[in-house]
Amino acid sequence: MDPTCSDSAAGGTPSRRPPTKRSSRQDSSSSSSDEEDEAEASGEEIADDEEEEEEVEEEAAAVEPAAKEHPAAAAAGEKRGGRKGRITISLKKVCKVCKRTGHEAGFKGAVYIDCPMKPCFLCKMPGHTTLTCPHRVAMEHGVIPAPRRNASTSLDYVFQSQVKGKISMKGLLGIWDYVKLHEKITYDSVHSCILNSMKIDNANDGILYTASSDGTISCTDLDTGIGSPLLNLNPNGWNGPSSWRMIYGMDLNTDKGLILVADNFGFLYFLDRRSKTRIGHPILIHKKGSKVTTLHCNPARPEVLLSSGNDHYARIWDTRKLEANSPLASLAHGRVVNSGYFSPQSGNKILTTCQDNRIRVWDYIFGDLQSRSREIVHSHDFNRHLTPFKAEWDPKDYTETVAVVGRYISENYNGVALHPIDFIDTSSGKLLAEVMDPDLATISPVNKLHPSIFIWKPKTEDELAEERTKQKAKEYVYGSGSRKKTNGKHDNSSDDDSDGDSGGKNKKAKKTRFTCTTKGKGKFKV
DNA sequence: AGCGTATGTCTCC
DNA sequence: TGGAGACCCTACGC
């Protein structure tokens, strides 16, 4: 029944991998140093560049004292079954990424050092690393550290009970009022696999719809906790991964009383909310066999549907005349599209998150959709192990410009690597704020902003006018050449970015149309 | 503290 | 076309 228990898991640990053609550049640094050891033991020269690093060599008889200082050497000696011969302990710098010597990549304290042999991890362009990427968000400017908390709070309770607690089951659904934490209820019988989407039916207060990788849609009454299944795409149970259907995308069309559902094979289903029955036949809306990641009904025109999928497309549909291969528009992306959302008020804009490390914005869905209005470089290209990152609109931002999205690349916060949650002005690509908390050391791929509680305060007309004046003064002093320097050859957010540079140069980018209040905990950079 | 491992997509053969 | 293997900053249990 559980697809995750299948034998479909690919890859495996490096130690299980058979040898490949890349014999001189093996997967792990340990294996490559083993090779060097072997080579030296047999008198061969090592082809690698000789760097200035020293090598310590010990005779087998002297292993014991060496092992005290170098446990790895002892382990290596044991592995070889006490084979007599010279033990070489290499102190060469070996890059974990490209396996070459002479440089290192990885964490140095809380700062991650990039491999200079690879393209930039952030914007994917060659010639520089993440640290020097023009799209890099710098932490050093205008940061006000949050006070470290020692006292236990209600959040600590949640953390202790949920994160640290032993939760071995999958598909748990927890519901609580955040001011009454002790009344939290956990349901373990609603789904048997991970929950991918949840929607509360605003027209029927207290009804929650959930979509899961177990292939079912459930409807749960939040007051009574009574749930009922609405749809099961795997009525015949587990017959292997090739036939197991999982549901990721789901949305409600409250006008028509419909629930729209999409599976990991590219098909869209309609459910009638009241009769709890399927309507019509499944319709192929993305490449056959590819996952549909999100569905979103347009808030102003509920018959207009946005789907995004693993086939590198986001598509707009008219659900009144829906047929396969008949989208109103197909929006091409560089890689898998993690999510796509209409803007929350007018529904005229589209915001997508793609695994090519770019957030894309279309300003007007009834205009020319062939090319996106903006493309914002942002670090979120991590899909394995984690829920895919999804940028979302701030639902209470009437100007439909602010989006929230978690960031993958960490920042050094008082010696700790933390992953901020970014607030981005999608009209310019500028970072408005980043939120961090030492108690939140994990990555936050999915974030929901409160529908009514503001952490943003729109600027007054006077403040805006003052900023415009300051900006003009800067342009006069520095000229307009900075944009070229900043963006270089990268085609990023600036197609119609009249303000000049985008995401990375944040000393200038910090102030735009919003300020951020210091309500609550965590760190805000404005 | 350190190791093992689940997990998804992409590229190459 | 499909399968095997690679993959840069995880999170968590043992």
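Just so you know, these numbers use all the heavy atoms, side chains as well, and skip hydrogens, waters and symmetry mates. All figures in this text were calculated on a predicted structure; none of them were measured in a lab.
- Ring geometry for A/H333 versus A/W362: interplanar angle of 30 to 60°, hence tilted.
- Taking atom CG on A/D381 and atom C1' on C/dT10, their separation rounds to 13 Å, with Å as the unit.
- Contacts of A/I443 with the nucleic acid, taken as non-hydrogen atoms under 4.0 Å apart, involve only primed sugar atoms and P, OP1 or OP2.
- The side chain of A/H312 places an N or O atom within less than 4.0 Å of a non-bridging phosphate oxygen (OP1 or OP2) of B/dC10.
- A/H378 pairs with exactly one of A/R358, A/H135, A/R407 by the side-chain contact (heavy atoms from CB on, under 4.5 Å) rule, that one being A/R407.
- Closest to the side chain of A/K118, from the set C/dC8, C/dC12, B/dT9, is C/dC8.
- Of the candidates B/dT7, B/dT9, C/dC8, the closest approach to any side-chain atom of A/H385 belongs to B/dT7.
- Put simply, CG on A/N357 is 18 Å from P on C/dC7, counting in whole angstrom units.
- One finds a side-chain N or O of A/N310 lying less than 4.0 angstrom from the OP1 or OP2 phosphate oxygen of B/dT9.
- Taking atom NE2 of residue A/H333 and atom P of nucleotide B/dC10, one finds them 13 Å apart after rounding to whole Å.
- For A/Y248, the side-chain atoms get nearest to B/dG8 when compared with the rest of C/dC9, C/dT10, B/dG8.
- Computed from coordinates, the A/L386 CG to B/dG8 C1' distance equals 11 Å when rounded to whole Å.
- Atom P of B/dT7 sits at a distance of 15 Å from the matching atom of C/dG13, rounded to the whole Å.
- For A/K96 and C/dA6, the NZ to P distance is 19 Å, given to the nearest whole Å.
- Between the NZ atom of A/K390 and the P atom of B/dG8 there is a distance of 12 Å, given to the nearest Å.
- Residue contacts for A/T442: at a heavy-atom cut-off of 4.0 Å it reaches the sugar-phosphate backbone alone, with no base atom in range.
- Pairs passing the salt bridge (Lys or Arg N to Asp or Glu O under 4.0 Å) check and including a residue from residues 105-133 of chain A, sequence neighbours excluded, read A/E104-A/K108, A/K124-A/D381.
- Atom NE2 of A/H103 is separated from atom P of C/dC8 by 12 Å (rounded to the nearest Å).
- Rounded to an integer number of Å, the gap from A/F107 CZ to B/dA1 C1' is 17 Å.
- Residue-level contact check: A/P119 touches the bases, meaning some heavy atom is under 4.0 Å from a base atom.
- Closest to the A/R384 side chain, of the nucleotides B/dT9, C/dC9, C/dC7, is C/dC7.
- For A/K448, the salt bridge (Lys or Arg N to Asp or Glu O under 4.0 Å) partners are A/E392, not counting sequence neighbours.
- Between A/Y112 and A/F107, the ring planes lie perpendicular to each other; the angle is over 60°, past the 30° to 60° tilted range.
- Checking B/dC10, C/dA11, C/dC9 against every side-chain atom of A/R335, the shortest atom distance belongs to B/dC10.
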